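Residue numbers begin at 1 in each chain, while the letters A, B, ... track the order of the sequences. Since the model is a prediction, treat every value here as computed from it, not as a measurement.
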Amino acid sequence: MNNKRAIELKIIANRIRKNALTAVYSAASGHPGGSLSIADVLSVLYFEEMRIDPKKPNDPNRDRFVLSKGHCAPALYGVLAERGFFPTEDCATFRKTGSYLQGHPDMKGVPGVDMSTGSLGQGICAANGMALAGKIDGKDYRVYTILGDGELEEGQVWEAAMYAPHYKLDNLTAFVDYNGLQIDGDISKVMSPLPIDKKFEAFNWNVICVDAHDMIQLYDAIQEAKAVKGKPTVIILKSVKGKGVSFMENNASWHGSAPNEEQYRQAISELDAQIEELEVQLNG
Amino acid sequence: MGKMATREAYGLALAEFGNTYDFVVLDADLSKSTKTDTFKKKFPDRFFNTGIAEANMMSTAAGIATCGKTVFASSFAMFAAGRAFEQIRNSICYPKLNVKIGATHAGISVGEDGATHQCLEDLALMRSIPNMTVINPADATESILAIEAALNLDGPVYLRFGRLAVPDLFDRASYHFELGKGVLLKDGADVTIIATGLMVPQALEAEKMLAAQGISARVINIHTIKPIDRAIIKKAAEETGAVVTAEEHNIIGGLGSAVAEVLCEECPVPMRRVGTQDVFGQSGKPAELLELYGLTAENIAKQASDVIKMKK
């Protein structure tokens with residue numbers, strides 16, 4: 001990937017962040033911190049990598065994406081809207097009574113959502129199932145899933161971690177959003193899942209560690225994962241919770257609380273400034 | 001009359017329908033007991049062991065089902081409905097996926113393994129989840145036909161099977177199985193016995209005992225716990241004025257509760273619930289345990305003659 005494309009994807013990531021914040025602000029509830037930390041990888045997946053078509057959200061040959069850390073639905077809705085699965089304005093209906101944009105992703109209600117998630121630990125298992133189905137049917141689609149680092153505390157994750165290499169699910173790439181914070185604070189203080197890389201290595205995964213906010217590193221890691229045969233790959237994303245909004249960065253209190261109007265306006269103006277700067281880089 | 005455990009019929013049905021239906025089978029290291037190994041031997045490429053990891057099995061089944069495949073996920077009732085309840089609720093039922101849960105070793109008739117393995121709460125758990133269909137077959141034939149019905153239904157199904165060999169009640173060539181419909185096995189006027197699973201033959205036995213006392217009992221077999229056949233229950237209440245339910249399950253939340261809900265809303269009549277009385281089981285021979293916990297024809301007959309006295 002060249003620098004120009006990386007900058008374009010950065011701009012898109014910031015639009016995803018804006019959509020996510022608009023959703024959480026409109027709902028006056030939701031999970032901004034972990035949504036902002038995965039915006040970059042979602043941008044690369046949905047705008048560069050995944051074989052998807054917003055006009056055919058149920059195409060049996062499409063690549064699949066499962067948001068195992070389902071509480072970061074605002075980011076998923078943000079990218080799906082940006083990619084054209086539904087109108088961007090709908091993000092403002094998030095979590096409102098009667099809206100199809102539920103607090104956690106509902107595959108039956110939202111075009112582009114491949115699995116209903118929200119109860120932590122279950123998404124990666126469903127992703128395993130999709131990858132296995134692809135193997136059974138001889139299809140060449142790939143399956144992607146994003147786990148939270150706190151989510152690794154769920155025992156079911158390790159059942160899945162044992163399963164995917166056992167069935168040689170090399171069509172599966174999992175990401176761990178390693179931002180180091182969960183609701184109750186620092187992951188190493190609440191219940192340390194560290195070391196994450198060594199655990200997955202011990203479970204026979206191919207492990208790659210990248211900077212979650214470096215588009216070229218993300219893209220290259222995804223390509224490397226595709227080339228590895230006989231085992232699944234986990235890409236550990238060293239990320240910043242709340243990335244892109246100064247007062248939300250590295251602050252666990254933004255895990256699950258919504259900004260007030262002033263905070264929302266400041267966040268949007270910060271993201272707009274970043275987009276403007278990136279556009280200058282792109283054109284200059 | 002022959003005998004066969006409903007879990008045995010489950011294995012045979014999977015192997016049979018595997019020829020005509022495209023589905024895969026998952027098991028959590030119990031394939032020899034759940035009898036899914038019968039399918040595994042015939043269709044090794046469509047069988048996947050998840051190891052002793054029921055939570056993963058249910059969510060994986062959901063993922064496979066999103067790709068258009070029907071999946072059977074099997075374990076003991078305790079670990080399917082019990083341990084993996086939340087995975088069944090959130091990963092399978094919420095998105096209404098085509099996962100059929102083959103839960104064997106339900107009830108006290110598990111026997112020697114004791115309370116930890118005697119699931120007496122699964123009907124209560126499973127019927128409380130939206131989108132879930134719950135079936136508790138009484139014999140081998142009903143099991144096979146229930147599995148076929150589950151294959152033809154779009155959505156999750158909980159199929160409850162037992163470890164113990166039970167009498168063959170129905171003939172496959174002539175038995176008509178309809179999902180959600182109770183089966184009138186014996187007409188009667190004084191009281192209705194509504195039974196499910198291995199309590200159905202006990203109910204038929206109780207009917208004979210009651211007849212000897214001059215009491216005319218109607219016997220209804222309810223294989224589909226949810227959606228329950230409201231019409232047949234209402235009609236029975238109207239025509240006989242008293243009801244006894246019989247199930248190999250806690251009296252809280254299972255068939256007895258489901259019938260009570262219908263009676264309260266449609267036609268309140270006196271009723272009694274035969275089942276385990278909100279207690280855990282224990283180790284022992286199945287027949288001795290069934291006796292000990294009152295899951296017998298004698299107890300059904302006793303409850304029936306008692307409930308008749310409450311009629312106005």
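In this view, B:K181 satisfies the salt bridge (charged side-chain N to carboxylate O under 4.0 Å, His left out) rule with no residue, not counting sequence neighbours.
Note on B:E16 versus B:K42: no salt bridge recorded, every NZ/NE/NH1/NH2 to OD/OE distance being 4.0 Å or above. Residues B:E261 and B:R127 are paired through a salt bridge, judged by an N-O separation under 4.0 Å between the basic side chain and the carboxylate.
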Exercise. Kindly indicate, with the supporting measurements, whether the criterion salt bridge (charged side-chain N to carboxylate O under 4.0 Å, His left out) is fulfilled by B:E247 and B:R160.
Key: CA-CA 12 Å; B:E247 62 194 310; B:R160 184 189 212 229; over 6 Å; no

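Each of B:A55, B:G51, B:A61, B:A62 has some count of heavy-atom pairs under 4.5 Å with chain A, and the biggest count is that of B:A55.
In this structure a side-chain-to-backbone donor-acceptor pair under 3.5 Å is missing from B:T224 to B:L179.
Remark: aromatic rings of B:F39 and B:Y10 are distant, center separation not under 6.0 Å. Aromatic pair B:F161/B:H105: centroids not less than 6.0 angstrom apart.
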Note each donor-acceptor pair with a separation under 3.5 Å, taking one atom from chain B and one from chain A.
from, atom 1, to, atom 2, distance (Å)
B:N49, N, A:Y167, OH, 2.9
B:N49, O, A:Y167, OH, 2.6
B:A55, O, A:Q156, NE2, 3.2
B:N56, N, A:E159, OE1, 2.9
B:S59, OG, A:Q156, NE2, 2.9
B:T60, OG1, A:C125, O, 3.4
B:K69, NZ, A:D137, OD1, 2.7
B:K69, NZ, A:D137, OD2, 3.4
B:E86, OE1, A:S119, OG, 3.0
B:E86, OE1, A:Q122, NE2, 2.2
B:E86, OE2, A:S119, OG, 2.4
B:Q87, NE2, A:Q156, OE1, 2.7
B:S91, OG, A:Q122, OE1, 2.5
B:P95, O, A:K108, NZ, 2.9

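Interface remark: B:V24 contributes side-chain atoms only to the contact with chain A (heavy atom separation under 4.5 Å). If you measure heavy-atom distances from A:A127 to chain B, you find no contacts under 4.5 Å at all. Heavy atoms closer than 4.5 Å to chain B are found in the side chain of A:M115, but not in its backbone.
Atom NZ of B:K32 has 12 or fewer heavy atoms from other residues, nucleotides or ligands within 6.0 Å.
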